[in-house]
Amino acid sequence: AIEQLRGRLRPFVLRRLKADVDPELPPITEVTLHCRLDKEQRQLYEKIRNTYRKRVLQIFDDDQSTTSSLGVLEALLRLRQACCDPALLPFPEARKVRSSAKMSRFLETLVQLLGEGRRILVFSQWTKMLGLIRTELDALAIDYAYMDGSTRDRSKVVDSFQADDGPGVFLISLKAGGLGLNLTAADTVIHYDPWWNPATEEQAADRAHRIGQTKPVLVVKLVVEDTVEDAVLELQDRKRGLARSAIEADVSGVKLLSRGDLLNIFGEGGAEELESGVDVQPAL
């Protein structure tokens, strides 16, 4: 099927890679940093997983064409938020959890990179997550630039970061900063929360790794072990392989999930486990 698709696309595809346009472009290196949830945050994650598991598998079993339905998307969203920071969740149980393993690892990594003289782009899908990061950076007296979909004068923010004396950190929402920005003052990109579509992350990293960049670029992904984020990385690899085979990356990641994928994310579970969950009413 891939060979047939290639044959149909080949007459219409004119493709040039960055390496073809600028052979002297510095290399880009991707690193995945793992962290583990502490006991309190892990218990919250497992409660959310148990709460959504039965309804997600029921959705799939009732109609396998509806794996992109709101029920599945909400379940995956809540699990991803639980990995990033409990403060993102609308559940009463989440308010009792004060720790965030990923935030701790992020701040530790950020301070280390800034100490090395690096300029850093930080991407997140959620503006609320960026707000939580801003609070932490304010507490540490770390100067930063900020952009999301509500930013009016984007060029002014970009110019302030690109200046030689600009801030060392630029917080950007994934959608607002994924395209159209030249941020070659940065030599490091941090993806706080991995996203299903690898092309989206690659476009974000290309804000720094583009013509005009004179330094090697480091891309860091923060991933929580033994969670839905492992499944996100696995799906990214599958989609990346498909994209390279067919020159096409605009496929919804959720639609590629099988029942086996969902079982891998939500586990086998048991009746006794399902009794212990979170109150999902605030999310409805």
Hey, are the side chains of [X] and [Y] touching, using non-hydrogen atoms and a 4.5 Å cut-off?
| X | Y | answer |
| --- | --- | --- |
| Arg80 | Gln125 | yes |
| Lys215 | Pro26 | no |
| Val219 | Thr29 | no |
| Asp143 | Val169 | no |
| Ser100 | Pro86 | yes |
| Phe123 | Ile190 | no |
| Ile48 | Leu79 | yes |
| Leu181 | Met147 | yes |

Test log, rule side chain to side chain contact (heavy atoms under 4.5 Å, CB included), inputs Cys35 and Leu222: CA-CA 8 Å; Cys35 58; Leu222 295 173; over 6 Å; no
Sole candidate of Leu88, Leu132, Asp148, Asp85 that passes side chain to side chain contact (heavy atoms under 4.5 Å, CB included) when paired with Trp126: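 Output: one option passes, namely Leu88.
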Trace of the side chain to side chain contact (heavy atoms under 4.5 Å, CB included) decision for Asp193 with Leu174: CA-CA 10 Å; Asp193 37 271; Leu174 196 59; 5.7 Å; no
Arg134 to Tyr146, cation-pi by 6.0 Å centre distance and 45° axis angle: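 Cation-pi check for Arg134 and Tyr146: passes.
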Quiz item: cation-pi between Arg119 and Phe161, 6.0 Å / 45°: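 Yes, Arg119 and Phe161 form such a contact.
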If I compare all heavy atoms of [X] with all of [Y], which pair ends up nearest, and what's the gap?
| X | Y | answer |
| --- | --- | --- |
| Glu229 | Val224 | OE1-N, 2.7 Å |
| Ala94 | Leu89 | CB-CB, 3.7 Å |
| Cys83 | Lys102 | O-CB, 3.7 Å |
| Cys84 | Met129 | CB-SD, 3.9 Å |
| Ala145 | Pro167 | N-CG, 3.8 Å |

CA sep, side-chain torsions, deciding dist, call: Leu171, Ile133, side chain to side chain contact (heavy atoms under 4.5 Å, CB included): CA-CA 8 Å; Leu171 306 179; Ile133 294 175; 3.9 Å; yes
Evaluation steps, side chain to side chain contact (heavy atoms under 4.5 Å, CB included), between Glu201 and Lys221: CA-CA 10 Å; Glu201 290 187 353; Lys221 291 185 179 183; 2.9 Å; yes
Check whether any side-chain N or O of [X] sits under 3.5 Å from a backbone N or O of [Y] as a donor-acceptor pair, and report yes or no.
| X | Y | value |
| --- | --- | --- |
| Glu225 | Arg36 | no |
| Arg95 | Phe91 | no |
| Gln41 | Val97 | no |
| Arg154 | Ala176 | yes |
| Thr188 | Leu113 | no |

Between Arg210 and Gln213, a side-chain donor and acceptor under 3.5 Å: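 No.
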Distance-only donor-acceptor check, side chains Asp153 and Thr151, under 3.5 Å: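 Short answer, no.
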Tyr192 and Phe106 aromatic centres sub-6.0 Å: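 Yes.
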NE2 on His209 to CG on Leu218, rounded to 0.5 Å: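 Nearest 0.5 Å value for the CG-NE2 distance: 11.5 Å.
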